[in-house]
Amino acid sequence: FETFVEKILLLIRTTTRHDLSGYKQNTIRRRIERRLALHKLTRIADYHRYLQENPEEVQALFRDLLITVTSFFRDPEAFQALNDQVIPEIMAGKETGAAIRVWVPGCASGEEAISLAILLAEARERLGKAVVIQVFATDLDSEAIARARLTEYPESIAADVSPERLQLFFTKKDNAYKVKQEIREMVVFAVQNLIGDPPFSRLDLISCRNVLIYLGAELQKKIISLFHFVLNQEGHLFLGSSESVGGFADLFRPLDTKWKIYRRKDLGLGQRVEYPPRFALEG
């Protein structure tokens, strides 16, 4: 089985130019088994042959391997903790006209990025701070980014978004809710390979929730080191409820252990962080 998994990953890399070998093997295996069942195949060798003969199935498997599950204010208590403990501190440290820069890697269809933009807009109004809000939302899946850029969501989001926020930040359109322009202009959606493309820099907050759990230990190590490198000195990292910085207590200290909110540690002069050397930082 493992030999054909390697062949399938090579086929994905050749077709899409994206290397998914750093994903957890159990995750890859489960997705492949699901595609086998879907096509009523019993042997992985047959599925590998099917992939070779049907390039559209390679794309389908690739999308299936990507993380697309998201919602507005997922784990509401976690977002409340971020709202109480982190956002006021970020606001307090900004002068008039300064920018608050947030990065949401693995943003899928955009709900998490919009949620953060709403929290920041509310805090700006509440605290009377004249600051610029910039949320950079990225994902490897170009189809997910295309959906995210529409910022249009089904009526069912009313289960996750309060009536007050729906009224303030969304416009009802037929059977959907459209994000209002004030919030939409705060968010930049872009296709990006987290482990291969240039990251953003000078960041106040990185919200990377429920992405690391799909990645192997070596890839997690590189990404957490990268996050430390691109965050401002007092920057914050917001992870999913099943994630942590693991053995990187030298890079981040916990602010809220339950809701996985961390503050960047300053390593001081003479110390360096390992990060992928091909990364070039950009604004």
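No donor-acceptor pair closer than 3.5 Å links the side chain of D19 to the backbone N or O of R13. In this structure a side-chain-to-backbone donor-acceptor pair under 3.5 Å is missing from K94 to V131. Remark: the backbone N or O of N210 is paired with a side-chain donor or acceptor of E243 at under 3.5 angstrom. The closest donor-acceptor contact from the side chain of N193 to the backbone of I195 lies under 3.5 Å. With hydrogens and angles disregarded, a donor-acceptor distance shorter than 3.5 Å links the side chain of D141 to the backbone of E143. Between the side chain of D174 and the backbone N or O of A176, no donor-acceptor pair lies under 3.5 Å. Listed for the E112 side chain is no donor-acceptor partner under 3.5 Å among the backbone atoms of C107. A donor-acceptor contact shorter than 3.5 Å links the side chain of K180 to the backbone of Q167. A donor-acceptor contact shorter than 3.5 Å links the side chain of K24 to the backbone of I213.
Both tests hold for R209 against F238: distance to the six-membered ring centre under 6.0 Å, angle to the ring axis within 45°.
Every pair passing ring-ring contact (aromatic ring centres under 6.0 Å, His included) that includes a residue from residues 82-128 is listed here, sequence neighbours excluded: W103-F200, W103-F227. Applying the side chain to side chain donor-acceptor pair (under 3.5 Å) test to every pair with at least one member in residues 39-51, sequence neighbours left out, gives these pairs: H39-E57, R43-D46, D46-R49, Y47-E57.
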Step by step, would you call S115 with V161 a side-chain contact (heavy atoms from CB on, under 4.5 Å)? CA-CA 9 Å; S115 299; V161 184; over 6 Å; no
Show, in sequence, the C-alpha distance, side-chain angles and deciding distance for I44 and V5, and conclude whether the side-chain contact (heavy atoms from CB on, under 4.5 Å) test is met.
CA-CA 8 Å; I44 191 171; V5 169; 4.1 Å; yes
field: D197 and V191: CA distance, side-chain angles, deciding distance, side-chain contact (heavy atoms from CB on, under 4.5 Å) verdict
entry: CA-CA 10 Å; D197 292 335; V191 177; over 6 Å; no
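In plain terms, the two heavy atoms of N175 and E155 that are nearest each other are O-CG, 3.2 Å.
Between E111 and R74 there is no salt bridge, since no side-chain N of the basic residue sits under 4.0 Å from a carboxylate O of the acidic one. Note on E33 versus R29: salt bridge recorded, some NZ/NE/NH1/NH2 to OD/OE distance being below 4.0 Å.
Checked against side-chain contact (heavy atoms from CB on, under 4.5 Å), K265 has the following partners two or more places apart in sequence or in another chain: R253. F252 meets the ring-ring contact (aromatic ring centres under 6.0 Å, His included) test with H228; sequence neighbours excluded. By the side-chain contact (heavy atoms from CB on, under 4.5 Å) test, E234 is found to be paired with R263, residues two or more places apart in sequence or in another chain being considered. With sequence neighbours left out, L38 forms a side-chain contact (heavy atoms from CB on, under 4.5 Å) with R35.
Checking each of Q59, R31, R34, R30 against D64 for a side chain to side chain donor-acceptor pair (under 3.5 Å) leaves exactly one that passes, namely R34.
Taking the six-membered ring for Trp, Y262 and F248 have ring centres at least 6.0 Å apart.
For E95, the CD atom sits in a loose shell: 12 or fewer heavy atoms of surrounding residues, nucleotides or ligands are nearer than 6.0 Å.
Classification of the F170-Y177 ring pair by plane angle, with boundaries at 30° and 60°, yields perpendicular.
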